[in-house]
Structures are given as structure tokens and as C-alpha cells.
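Everything numeric here is computed off the predicted structure, so don't read it as measured data. Basis for what follows: all heavy atoms, side chains included, without hydrogens, waters or symmetry-related copies.
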Amino acid sequence: MTRKGEFVLRQLADEYILIPYGTTTEKMNRVLTLSETAAFIYEQTGDAASEEEIARRLGEAYDMPAEDVQEDVNAVLQTLQNCGVLECA
């Protein structure tokens, strides 16, 4: 999976906001509000090799087995793909 377009991730209080910029604003003129977990997952898409690697990192961050968070990782990645933020390689 790869990031699609130009986005900046900002934290406002307890929320994370994914804001398009540059030419991406021509295609997407809305911001996305992410949970802390979804923001963590998005950040990992910059250098993680796979969904499994992201689940491993999330599990380590929250002291949980990767198997327990894999389904959540898959759901967040699918949502980000549906929103046009990610694309499958």
C-alpha cells in the first residue's frame, strides 16, 4: 500500500485530522478526522512493508499481540483506501 496524494496529519486536542494540501485539494476538499489508533496506522504506511508489519507495530505500541489488532488494522486501511488516501501497490 502507498499513500495517495499529499496530506498532513495534525493533532488537535484528542483528535487527529488528516488535511489534504497541494494538488490533492483539487480532488479532495475535505478533512478526515482520525482516532489515535487510526492516526498511528496512517503514520506507519510511510515505511511499513505490509499490513502485518503495521499490526506488529501497533501491537507493540499498545502491548497487545499482533493477531489481536490485525482485523482493526485491515479495517482502518480499507477505510483510508475507500477515502482515497491510500492505494494498494
Please output the side-chain donor-acceptor pairs of residues 66-77 that fall under 3.5 Å, not counting sequence neighbours, one pair per line with the distance.
residue: Gln70; atom: NE2; partner: Asn74; partner atom: OD1; Å: 2.9
residue: Asn74; atom: ND2; partner: Gln70; partner atom: O; Å: 3.4

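- The side chain to side chain donor-acceptor pair (under 3.5 Å) contacts involving residues 42-59 comprise Arg3-Thr45, Gln44-Arg57, Asp47-Arg57, Ser50-Glu52, Glu53-Arg56, Glu53-Arg57, Arg56-Glu60, where partners must be two or more places apart or lie in separate chains.
- Legend: residues meeting side chain to side chain contact (heavy atoms under 4.5 Å, CB included) with Ile19, ordered by chain and number and at least two apart, are Val8, Arg10, Ile17, Val31.
- Residue pairs meeting the side chain to side chain donor-acceptor pair (under 3.5 Å) criterion with at least one member in residues 18-39, sequence neighbours excluded: Glu36-Tyr62.
- The CD1 atom of Ile54 lies 7.5 Å from the CD1 atom of Ile41; values are rounded to the nearest 0.5 Å.
- Annotation: side chain to side chain donor-acceptor pair (under 3.5 Å) contacts of Glu6 (sequence neighbours excluded): none.
- Taking a 6.0 Å sphere around CG of Asn82, one finds it holds more than 12 heavy atoms contributed by other residues, nucleotides or ligands.
- Looking at every heavy atom in both residues, Leu34 comes nearest to Ala38 through CB-CB, 4.0 Å.
- When all heavy atoms of Ala39 and Tyr16 are compared, the closest pair comes out as CB-CG, 3.5 Å.
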